[in-house]
Amino acid sequence: RLQRVLSYSPETGIFTWLVATGPRAIVGSQAGHQIKTGRNCGYVRVRIDGRLYAASSLAWLYVHGEWVPDLDHRDLVRWNNSIGNLRMATRSLQKANMKARADNTSGFKGVHWHKPTSKWRAQMNVAGKRVHLGDRDTREAAHDLYKAAAYAHFGEFARG
């Protein structure tokens, strides 16, 4: 059904309508919409037959013939659904590829100030468990610990 109603460009990641399936589905027009607010902000969703789908999962299905709900955007650009930018990933690997949170006070992913020791603490989550990597005098030294552990555990998904 997907390939009957939509065309997909693997280079651009853009879907276009082949068939008018609803009031917004105009033949030749770009399908889907980018979410503007909330934790899913930036992702593209496409409505087919009244149901919303992640454009990234539709792209994977279109090219590989397999439905994969958990995909990672290599470049962290949520709307970039070009097939070369998508890769299968567990939730844990997706989190490994995230940037430091906006409320991070150290400026480095995986590093925070630990009051009891008066040092910078490096830690990460692996398989849902918090792993203490060590305490250091500087943020940079703690971050070096985090980066080494992240690359050891997550390989190409690691983002320091």
Side-chain angles (χ1 to χ4, degrees), residues 1-112 122-131 139 143-144 146-160:
R1 172 98 175 119
L2 175 63
Q3 292 180 344
R4 286 195 308 266
V5 298
L6 289 169
S7 173
Y8 170 71
S9 168
E11 294 80 28
T12 65
I14 294 173
F15 284 95
T16 52
W17 291 106
L18 295 173
V19 176
T21 60
R24 293 185 183 167
I26 300 165
V27 175
S29 68
Q30 187 171 329
H33 67 280
Q34 192 174 11
I35 298 172
K36 300 293 183 192
T37 60
R39 69 181 187 94
N40 290 322
C41 183
Y43 288 111
V44 177
R45 299 287 186 254
V46 178
R47 186 177 302 276
I48 302 172
D49 298 331
R51 185 167 173 201
L52 272 177
Y53 297 94
S56 56
S57 292
L58 290 177
W60 195 269
L61 176 63
Y62 199 97
V63 172
H64 298 291
E66 176 184 13
W67 179 258
V68 179
D70 292 328
L71 292 167
D72 182 63
H73 291 78
R74 292 176 196 271
D75 66 1
L76 302 183
V77 178
R78 293 175 162 189
W79 52 263
N80 180 2
N81 292 307
S82 61
I83 202 66
N85 189 45
L86 302 174
R87 58 186 171 183
M88 289 195 298
T90 63
R91 299 280 172 150
S92 180
L93 290 174
Q94 288 175 333
K95 288 185 181 279
N97 190 38
M98 290 173 63
K99 297 178 192 173
R101 289 173 36 137
D103 62 354
N104 179 308
T105 57
S106 73
F108 294 103
K109 185 175 178 181
V111 176
H112 70 273
Q123 67 182 36
M124 62 191 292
N125 290 324
V126 178
K129 302 214 188 282
R130 184 172 291 154
V131 178
R139 296 178 302 173
H143 188 241
D144 288 342
Y146 171 81
K147 286 193 303 187
Y151 286 103
H153 283 285
F154 303 119
E156 69 174 300
F157 288 88
R159 184 169 298 276

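Residues satisfying the side chain to side chain contact (heavy atoms under 4.5 Å, CB included) test with L18, not counting sequence neighbours, are S7. Under the side chain to side chain donor-acceptor pair (under 3.5 Å) criterion, S57 pairs with no residue, sequence neighbours left out. For A148, the side chain to side chain contact (heavy atoms under 4.5 Å, CB included) criterion is met by no residue, not counting sequence neighbours. Partners of H153 according to the side chain to side chain donor-acceptor pair (under 3.5 Å) rule, which considers only residues two or more places apart in sequence or in another chain, do not exist here. With sequence neighbours excluded, the residues forming a ring-ring contact (aromatic ring centres under 6.0 Å, His included) with Y8 are F15, Y62, listed by chain and number. Every residue two or more places apart in sequence or in another chain that forms a side chain to side chain contact (heavy atoms under 4.5 Å, CB included) with N125 is listed here: R130.
Counting only residues at least two apart or on different chains, the salt bridge (charged side-chain N to carboxylate O under 4.0 Å, His left out) pairs with a member in residues 58-80 are D70-R91, D72-R87, R74-E156. Listed by first then second residue, pairs satisfying side chain to side chain donor-acceptor pair (under 3.5 Å) with a partner in residues 12-24 read S9-T12, not counting sequence neighbours. Sorted by first then second residue, the side chain to side chain donor-acceptor pair (under 3.5 Å) pairs that include residues 47-56, not counting sequence neighbours, are R1-D49.
Within the model, atoms CG of L6 and CG of L58 stand 7.5 Å from one another, a figure rounded to the nearest 0.5 Å. Rounding to the nearest 0.5 angstrom, the gap separating the NE2 atom in H73 from the OH atom in Y43 is 6.5 Å.
Between H143 and Y146, the two ring planes are parallel [angle under 30°; tilted spans 30° to 60°].
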For residues 32-39, which side-chain N or O atoms pair as donor and acceptor with protein atoms under 3.5 Å away, sequence neighbours left out?
unit_1	atom_1	unit_2	atom_2	d
H33	ND1	R45	O	3.4
Q34	NE2	G42	O	3.3

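With hydrogens and angles disregarded, a donor-acceptor distance shorter than 3.5 Å links the side chain of N85 to the backbone of N80.
For the residue pair A20 and V27, the shortest heavy atom distance occurs at N-CG2, 3.6 Å.
Under 3.5 Å, the side chains of N104 and H112 contain no donor-acceptor pair of N or O atoms.
Looking at V63 and L86, their side chains never come closer than 4.5 Å, going by heavy atoms from C-beta outward. In this structure, the side chains of K147 and F108 stay at 4.5 Å or more apart for every pair of heavy atoms.
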Please test M88 against L71 for side-chain contact (heavy atoms from CB on, under 4.5 Å), starting from the C-alpha separation and ending with a verdict.
CA-CA 5 Å; M88 289 195 298; L71 292 167; 4.0 Å; yes

